[in-house]
Amino acid sequence: MRYLSVCEPYAELKKCVGRAIARAVASLKVSIDPEVVAGMLQEPPKPEFGDLALPLPRVSKELVENCGDIASLVGEAGSECVEKVQCVSSYLNVWARSSYIVEKLATALSKLGREYGITKKEKPARVVVEFVSANPVHPLHIGSGRNAVLGDFIARVHELSGDLVERRYYVNDLGLQVANLVYGYIKLGRPRRPEFLKDDHFLGLLYAATSTIVDIAKLKKKLETASEAESGEIRREIDALLGELFRIRSKLPDLVDSLLKSVDPSRDAEREVRNLTQLLELGDKSVVDAHREVVNRVLAGIRETLEKLGVFFDKWDYESDLVRSGLVGEVLSKARSSEYYMLHKNAPALDLAKLAESPELRELLGVPEHLEIPPLILARSDGTTLYTTRDIAYTIKKFSEFSADRVYNVVAIEQTLPQAQLRLALHALGYVREATSLVHYAYEMVNVKGLSMSGRRARYVTVDEVLDELAARVRELAVKRGVNLAEDVVLKIARSAFKYAMLSVSPRKTLVFDPEQAVEVKSGTSTYLQYTLARANGIMSRYGREVEFSELDSEGLVGKRRELALLIARFPEVFRKVVAELAPEDLISYLNRLAEVFNSWYDADPILAEPREELRNLKLALVYGAKVVIENSFKLLGLDIVERI
RNA sequence: GGGCCCGUGGCCCAGCCAGGAUAGGGUGCCGGCCUUCUAAGCCGGUGGUCCCGGGUUCAAAUCCCGGCGGGCCCGCCA
């Protein structure tokens with residue numbers, strides 16, 4: 001990938017040091033590539049070991065015994081960037097010239113200003129990010145919250161890199177889940193919500209109650225034909241579901257009571273729901289109306305939550321529209337004439353196993369090496385299509401409508417198989433470019449301490465309640481500190497804390513969400529970073545002028561100031577890595593270190609009160625650098641900047 | 001049964017892919033610091049068999065092999 005305006009002070013320093021060492025080693029008649037040396041330079045664990053260190057055995061074993069000689073050779077040769085070199089237990093410890101660091105950093109900061117560290121691509125790409133796409137049957141829970149935050153992050157990464165990004169939400173309104181909700185919704189005559197509940201929360205309860213009653217009906221039917229041995233187990237399951245229903249009832253008694261009056265659990269409720277899925281897919285007027293209404297009511301609630309989070313979408317795509325547009329039908333007929341077409345237990349399917357035999361293709365499509373690929377069933381025997389089939393059509397649509405070079409599906413890691421099948425199916429049907437440019441950005445699930453989550457049973461922690469609780473804590477803390485915070489600032493602090501919790505853990509790891517802990521507002525969170533930024537901004541606005549980069553006292557670059565300068569100098573590289581690897585947690589670790597060094601320095605060293613002008617300029621340059629670094633990181637992570645905290 | 005992921009102080013997490021110095025943070029607990037740029041902060045202390053066992057290496061939390069523990073996937077669900 002090529003980038004514009006490369007201006008990376010730390011990388012330049014490493015290259016320069018690499019050259020200096022390579023020159024010295026050359027006089028020992030050993031030839032090494034300066035670039036390689038630069039790549040091997042690492043950050044010493046302690047300041048006593050200098051600014052950069054080279055483990056000599058990594059370069060060459062023979063050099064280890066010459067460690068002391070090399071150190072003095074580098075020192076004698078002199079270099080614009082090397083101040084001093086020492087040999088400590090086979091490490092070459094390098095102290096950089098302060099003037100070099102200051103000059104490189106000042107150049108970068110004054111040249112790029114607020115753009116410092118952001119590397120734009122030479123050729124912008126067109127990127128679609130599909131994320132959240134939670135089924136419109138209940139409010140967003142924190143699992144979808146993780147999706148929302150990560151998807152937003154990916155979109156931001158590309159936006160900041162100069163790409164054109166389209167954010168899409170796939171409204172999966174054709175699954176069995178929605179049919180269950182529609183069933184209950186119609187049975188109750190399109191009920192209104194009580195005053196104290198948001199629509200998505202209210203309808204989420206309706207959905208859970210309906211699902212549970214339908215499931216009970218299913219089990220009761222099974223009981224009729226069950227053997228003596230089976231019936232005991234089934235009865236226990238029914239009892240468990242009755243318990244769930246009772247719990248749901250406790251939240252909204254009237255709702256469940258009237259639902260029980262209109263849905264007879266002993267009748268074949270399941271078949272009625274199945275009928276609904278068919279009518280929906282066919283576009284039956286009588287149900288489509290109620291269906292779209294209830295879906296939009298839930299969606300309005302979800303949207304409100306996303307807005308509170310500061311997460312926005314360009315397009316909302318209804319799955320039902322996709323089917324009715326005929327796109328899914330086209331995919332089906334294309335599949336029928338494909339060489340991979342097969343019947344699997346009498347259902348139309350694609351035999352992708354053959355295709356997946358090629359290791360090269362797996363590599364190309366990012367299909368895990370040992371993942372077994374079963375046939376992809378395209379439709380039920382009643383003719384209704386299945387999710388992945390519709391997703392094939394949707395993927396084609398996402399690519400074509402935006403002329404996308406790449407499409408991200410931000411989807412839970414548990415869907416690795418269907419996502420792999422999706423890419424293989426696209427390839428099988430001749431959509432080779434689409435198949436290779438579709439990225440499954442996978443993230444692990446969110447578990448809540450002491451709760452097994454289930455949408456079907458209304459057992460979840462919602463994003464709304466977490467945000468509300470966080471906001472309450474922020475207010476409480478503000479009162480304690482005697483600070484008057486505007487409501488929008490409260491929300492910004494609260495939602496940033498939520499995002500931070502979602503972003504600071506690697507997406508590949510299961511996130512154990514402890515509601516008690518997440519709502520704490522304390523150090524080691526976004527609040528700490530926001531606070532640090534507010535301090536830096538406070539100084540800058542109090543100073544009220546542009547920093548004078550041409551007159552900096554580089555002799556003053558010692559202690560925490562030096563540490564901070566080197567961290568700021570590293571930002572462009574950190575940024576590039578985070579963008580390339582889509583790893584928000586790396587950026588967060590870096591920010592925490594930067595904030596720690598900044599605060600520790602801030603506490604001990606007066607900045608504006610510094611009497612010597614050139615030293616004051618140096619300090620201000622550091623404050624400015626830290627400010628720009630944190631602000632640009634916030635842009636990438638979607639955290640909010642607050643003026644006062 | 002097969003496959004993938006995870007295991008790091010009491011709790012949470014970074015480091016592992018590209019092996020390097022005494023394993024970093026946070027939280028918790030104990031103590032100290034506000035007449036000076038925001039104390040949601042700073043400083044000090046406390047706390048670790050990097051799941052276990054082998055192997056490779058001058059060097060292993062990191063790579064390889066074998067276990068153990070936890071999660072996920074293998075549906076005419078999504």
Side-chain angles (χ1 to χ4, degrees), chain A residues 39-40 42 44-46 48-49 53-58 61 64 88-91 93 133-135 172 174-177 344-349 368-374 377-388 390-391 411-418 420 442 444-445 447 455-456 474 477-478 480-481 483 493 501 504-506 508-512 514 517-518 520-532 534-543 581 585-586 588-590 592-593 595-596 598-610 619 623 644-645:
Chain A
M40 285 175 179
Q42 48 193 238
K46 286 187 163 197
E48 300 97 273
F49 295 139
L54 180 70
L56 274 179
R58 262 190 90 178
K61 261 187 230 171
V64 176
V88 181
S89 64
S90 80
Y91 277 85
N93 290 335
S133 301
N135 291 341
N172 182 349
L174 280 188
L176 283 174
Q177 306 192 357
H344 182 79
K345 296 177 192 167
N346 260 333
E369 200 181 341
H370 299 289
L371 188 64
E372 197 182 319
I373 308 291
I377 294 161
L378 298 165
R380 300 188 182 96
S381 23
D382 67 4
T384 55
T385 51
L386 289 159
Y387 176 81
T388 310
R390 304 188 291 252
D391 213 11
V411 173
I413 200 164
E414 61 192 15
Q415 289 190 48
T416 299
L417 174 61
E444 259 291 0
M445 58 199 290
N447 285 330
R456 293 180 73 84
V474 171
L477 207 61
K480 218 159 83 187
R481 286 193 65 214
V483 179
I493 296 171
S504 56
V505 178
S506 159
R508 298 201 70 81
K509 284 197 182 178
T510 311
L511 188 71
V512 182
D514 182 345
Q517 200 120 56
E520 292 291 330
V521 177
K522 55 193 173 191
S523 75
T525 67
S526 54
T527 317
Y528 179 64
L529 301 176
Q530 285 173 318
Y531 180 74
T532 308
R535 278 179 153 180
N537 272 329
I539 293 172
M540 291 319 295
S541 65
R542 200 176 268 254
Y543 181 62
E581 295 177 9
E585 71 277 15
D586 288 355
I588 288 192
S589 306
Y590 164 82
N592 275 326
R593 259 194 78 198
E596 198 188 311
F598 180 90
N599 281 321
S600 149
W601 168 55
Y602 174 97
D603 206 62
D605 193 10
I607 295 155
L608 291 172
E610 171 58 52
K619 292 180 178 183
V623 174
R644 260 202 95 75
I645 198 166

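Lettering follows sequence order; numbering is per chain, from 1. Only heavy atoms go into these numbers, but all of them, side chains included; no hydrogens, no water, no symmetry mates.
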Arg593(A): partners by salt bridge (charged side-chain N to carboxylate O under 4.0 Å, His left out), with sequence neighbours left out:
Glu43(A)
Arg593(A) atom CZ is separated from A23(B) atom C1', nearest whole Å, by 14 Å
Please report the distance separating the C1' of G75(B) from the corresponding atom of C52(B), rounded so that it comes out in whole Å.
37 Å
Nearest to the side chain of Leu417(A), heavy atoms from C-beta on, is which of C74(B), A14(B), G3(B)?
C74(B)
Give the nucleotide from the list A21(B), U38(B), C37(B) with an atom nearest to the side chain of Leu608(A).
C37(B)
Could you classify C6(B) for me, syn or anti, using a glycosidic angle within 90° of 0 as syn?
anti
Side chain of Arg380(A), heavy atoms from C-beta onward: which of C37(B), G41(B), C77(B) has the nearest atom to it?
C77(B)
Heavy-atom check, side chain of Glu444(A) versus side chain of Leu511(A), under 4.5 Å:
no
Under 4.0 angstrom, heavy atoms only, what part of the nucleic acid is Ile377(A) near: base, sugar-phosphate, or nothing?
sugar-phosphate
When both distances are under 3.5 Å in a Watson-Crick or G-U wobble arrangement, the nucleotide paired with G53(B) is C65(B)
Can you tell which of C42(B), C76(B), G71(B) lies closest to the side chain of Ala347(A)?
C76(B)
Arg535(A): what forms a salt bridge (charged side-chain N to carboxylate O under 4.0 Å, His left out) with it, not counting sequence neighbours?
none
Applying a 4.0 Å non-hydrogen cut-off, can you work out what Glu585(A) is touching in the nucleic acid: base, sugar-phosphate, or nothing?
nothing
In Watson-Crick or G-U wobble terms, both distances under 3.5 Å, what is the partner of C17(B)?
none
Which part of the nucleic acid does Tyr531(A) contact within heavy-atom distance under 4.0 Å: base, sugar-phosphate only, or nothing?
base
Stacking check: are the rings of Tyr602(A) and G41(B) less than 5.5 Å apart at their centres and under 30 degrees in tilt?
no
Go through the structure and list residues passing side chain to side chain donor-acceptor pair (under 3.5 Å) with Ser589(A), not counting sequence neighbours.
none
For U35(B), the Watson-Crick or wobble partner whose two distances fall under 3.5 Å:
none
Pick the P atom in G53(B) and in C68(B), then give their distance to the nearest Å.
15 Å
Where the side chain of Arg644(A) is concerned, which of A14(B), U38(B), C42(B) is the nearest nucleotide?
U38(B)
Please report the distance separating the C1' of G54(B) from the corresponding atom of C72(B), rounded so that it comes out in whole Å.
29 Å
Which value, rounded to the nearest 0.5 Å, describes the distance between Ser526(A) atom OG and Asn592(A) atom CG?
10.0 Å
Checking C5(B), U38(B), A14(B) against the side chain of Arg508(A) (C-beta onward), the nearest is C5(B)
Pull out every residue in residues 534-541 of chain A that has a heavy atom closer than 4.0 Å to any atom of RNA chain B, ordered by number, or say none.
Ala534(A), Arg535(A), Ile539(A)
For G19(B) and U62(B), measure between their P atoms and round to the nearest Å.
12 Å
Students often get this wrong, so: under 4.0 angstrom with heavy atoms, is Ala53(A) touching a base, only sugar-phosphate, or nothing?
base
Scan nucleotides 55-65 of chain B nucleotide by nucleotide, 5' to 3', and note B when protein non-hydrogen atoms come under 4.0 Å of the base, S if they reach only the sugar-phosphate, - if neither.
---B-------
If you look at every strand shown and take non-hydrogen atoms under 4.0 Å, does Leu386(A) touch a base, only sugar-phosphate, or nothing?
sugar-phosphate
Going by side chain to side chain contact (heavy atoms under 4.5 Å, CB included), name the residues that satisfy it together with Ala501(A), two or more places apart in sequence or in a different chain.
none
Determine the Euclidean distance between corresponding P atoms of C6(B) and A18(B); express it in Å to zero decimal places.
15 Å
Let me know the distance between CG of Leu511(A) and P of C6(B), rounded to the nearest Å.
15 Å
Under 4.0 Å between any heavy atoms, over every strand shown, what does Asp586(A) touch: base, sugar-phosphate, or nothing? Just pick one.
sugar-phosphate
Under 4.0 Å between any heavy atoms, over every strand shown, what does Gln415(A) touch: base, sugar-phosphate, or nothing? Just pick one.
base
Can you tell me how far C1' in C5(B) sits from the matching atom in C17(B), rounded to whole Å?
15 Å
Considering only the C1' atoms, how many Å lie between A61(B) and C51(B), rounded to the nearest integer?
12 Å
On RNA chain B, check which nucleotide each of Arg542(A) and Ser381(A) is closest to and give me the residue with the more 5' one.
Arg542(A)
Quantified in whole Å, what is the C1' atom distance between nucleotide A39(B) and nucleotide C34(B)?
6 Å
